[in-house]
Amino acid sequence: SSFISVANLANQLGVRYNQLSKSLATLGFDDDQLGHDYILDHETAALVAEEFGFTIINDSIEKMDEKYDVQPAPPCEDLAKLKPRPPIVTIMGHVDHGKTTILDFLRKSSIVKGEFGGITQHIGAFSVTTPVSKKNITFLDTPGHAAFLKMRERGASVTDIVILVIAADDSVKPQTIEAIKHCQKSNANVVLAINKCDKPDAKPDKVLQDLTQHGIFAENYGGDIQAVRVSGLSGLNMDKLEEEVVALAEVLDLKAEFNGVPVEGHVIESQVKKGAGNVATVLVTRGSLKNGSIVVAGQTWGRVKSLKNEFNKTVKVATPSMPVEVYGWKQLPEAGDLVIEVPTEAKAKSVIDYRIERSRIQQQLKELDNINKQRILQK
Ligand code: GTP
Ligand code: MG
């Protein structure tokens, strides 16, 4: 039975057409009988796939990447192994409605309350301990950032909760609506921060009323979304905002494995630092990252030399939802890269070799594909 074209199979196996036709020749296929559009039967395709380390299960070609690459461990099924983790929160809203002011207030108040008293580094994520409940919240302050786009492409969503900021003297505006659409599409959990409530012309009730026109129903406005009337400038009700986030996180029952699983995380940002080399801010999502942990990300790897928090203070271990600066990368990983722990340096090196080779072949395939397209156009 006909199954797949040579070109499609080559594409799915991540090999060049030439490699595939060589392999087909050994199976007795005549070179000039073959072409990109030649349709192979199931059995032939399976034989060839196997040669390249793939298997065909039912009708789908299963990549045998696990043989050479490293993937996240399957989801944890033993609920007893899961522990509560802090919520990861981003802030969205219209221009000038006060996103940065709110983040700065949270960041500063966390420094004042913190025991370090140092100057914070501007890293793409930071932790706050709430004043009343003493729970942690992780804020990401770069939602427009390349890292997020890349993560979204992969279908990974690191954000648990969105704080939607609306200025009480300006109400719902185009980017508010955009943010609402984003929240609805990604099924994000929303807390409303009705900002600038210190201003005499603030009309928070009007904001909540206007929001109902866009499917956002706050408590007392036909729904159960929490709304807090704040001022990022004066600090009015900012503690309440943090407590609402913590309360929502509890409802969401956010949990992760802290131990017994290879570390996973995402690169939020990266840079070369004078005297320190390649540094990446990593948001850990699973497991515990420590000095000596060996991690791969994109096409690079590293043995963790040191971990630092946003206070530039060395930390021994980074657990789920903790952002940390990771030192010790061979090359600079990219924002959005998935970080995975591997057991040995040898494994890290072979994973990176494989990824580099795979992307080289994929690049060649793409070029080949373009050449073929041009040929067809010229005909
Ligand atoms: P973009 O990053 O440009 O989208 O703006 P933003 O949402 O980060 O707003 P930003 O925090 O920069 O605030 C815009 C202006 O509003 C600044 O002049 C702030 O000082 C002012 N502002 C922010 N929050 C408050 C508030 O609660 N009360 C008052 N009175 N002014 C505020
Ligand atoms: Mg801003």
Side-chain angles (χ1 to χ4, degrees), residues 87-113 119-128 130-132 137-149 151-152 158-186 188-211 214 216 218 225-245 268-269 271 281 283 310 323 335:
I88 299 167
V89 180
T90 55
I91 299 199
M92 299 181 81
H94 191 70
V95 181
D96 274 356
H97 279 196
K99 300 177 291 293
T100 303
T101 306
I102 286 177
L103 266 176
D104 282 351
F105 182 90
L106 294 166
R107 195 193 290 270
K108 268 183 227 138
S109 59
S110 79
I111 306 164
V112 175
K113 278 177 272 163
I119 296 162
T120 52
Q121 321 193 81
H122 195 89
I123 76 173
F126 64 97
S127 283
V128 156
T130 56
V132 183
I137 304 173
T138 302
F139 286 96
L140 294 181
D141 70 356
T142 48
H145 188 281
F148 285 81
L149 295 175
M151 283 185 242
R152 226 173 284 151
V158 279
T159 322
D160 301 305
I161 294 170
V162 172
I163 294 180
L164 183 58
V165 179
I166 307 116
D169 61 344
D170 203 25
S171 198
V172 176
K173 284 284 172 291
Q175 279 176 277
T176 316
I177 297 169
E178 231 172 77
I180 291 170
K181 282 184 185 151
H182 165 85
C183 291
Q184 288 165 339
K185 237 191 281 163
S186 61
N189 303 285
V190 175
V191 172
L192 299 168
I194 313 303
N195 194 32
K196 308 200 184 183
C197 281
D198 59 299
K199 288 182 109 177
D201 55 344
K203 296 188 187 71
D205 296 316
K206 179 180 185 302
V207 174
L208 295 174
Q209 190 60 52
D210 290 350
L211 282 168
H214 301 279
I216 296 288
I225 297 176
Q226 295 302 313
V228 190
R229 294 153 198 233
V230 301
S231 166
L233 210 59
S234 74
L236 171 75
N237 287 335
M238 289 295 285
D239 51 346
K240 281 203 184 124
L241 180 64
E242 292 179 54
E243 295 301 337
E244 282 305 341
V245 169
I268 300 298
E269 60 191 1
Q271 64 180 119
T281 301
L283 183 59
E310 68 267 28

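Treat the numbers as computed from the prediction; the structure is a model and nothing was measured. In this chain, numbering begins with 1 at the start of the sequence shown. Order of listing sets the numbers, starting from 1, for every ligand and every atom in it.
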| said: Do L192 and I166 make a side-chain contact, defined as non-hydrogen atoms from C-beta onward lying under 4.5 Å apart? | reply: yes
The side-chain contact (heavy atoms from CB on, under 4.5 Å) partner of I137 among V245, L241, D160 is V245
Worksheet entry | Side chains of H97 and D170, donor plus acceptor under 3.5 Å | yes
For S231, the ligand 1 atoms with a heavy-atom partner under 4.0 Å come out as 26 (C), 27 (O), 28 (N)
of all protein heavy atoms, closest to atom 3 (O) of ligand 1 is V95 CG1, 3.7 Å
among protein heavy atoms, the one nearest atom 2 (O) of ligand 1 is T100 OG1, 3.9 Å
**Item:** Protein contact for atom 17 (C) of ligand 1 (heavy atom, distance under 4.0 Å)
**Value:** no
Looking only at protein heavy atoms, what sits closest to atom 5 (O) of ligand 1 is D96 N, 3.0 Å
Any non-hydrogen side-chain atom of D205 less than 4.5 Å from a side-chain atom of R229? yes
The protein heavy atom nearest to atom 20 (O) of ligand 1 is L233 CD1, 3.8 Å
protein heavy-atom neighbour closest to atom 9 (O) of ligand 1 works out as G98 N, 3.1 Å
Ligand 1 to K199, heavy atom cutoff 4.0 Å, flagged ligand atoms 30 (N)
Among non-hydrogen protein atoms, atom 24 (N) of ligand 1 lies closest to N195 ND2, 3.1 Å
- Query: Heavy-atom distance under 4.5 Å between the side chains of I161 and I88, does that happen here?
  - Reply: no
Per-atom filter on ligand 1: closer than 4.0 angstrom to a heavy atom of D198 are 26 (C), 27 (O), 28 (N), 29 (C), 30 (N)
the protein heavy atom lying closest to atom 11 (O) of ligand 1 turns out to be T101 OG1, 2.5 Å
Non-hydrogen atom of H94 closer than 4.0 Å to ligand 1:
yes
**Study point:** Distance-only side-chain donor-acceptor flag, S171 / D210, under 3.5 Å
**Key:** yes
Q.
Is there a side-chain contact between V165 and T176 in this structure, where contact means two heavy atoms from C-beta onward sitting under 4.5 Å apart?
A. no
Min over Q175, K196, K99, H97 of heavy-atom distance to atom 22 (N) of ligand 1 lands on K196
**OP:** Using 2.8 Å as a strict upper limit, say whether an N, O or S atom of T101 approaches the Mg ion (ligand 2) that closely.
**Re:** no
Do N195 and I102 come close enough that some side-chain heavy atom pair is under 4.5 Å?
yes
contact_flag G232 ligand 1 heavy-atom lt 4.0 Å: yes
- Message: A side-chain contact here means heavy atoms from C-beta on lying under 4.5 Å apart; do N237 and C197 qualify?
- Response: no
Worksheet item: Given side chains that start at C-beta, do those of T90 and I163 come closer than 4.5 Å, heavy atoms only?
Response: no
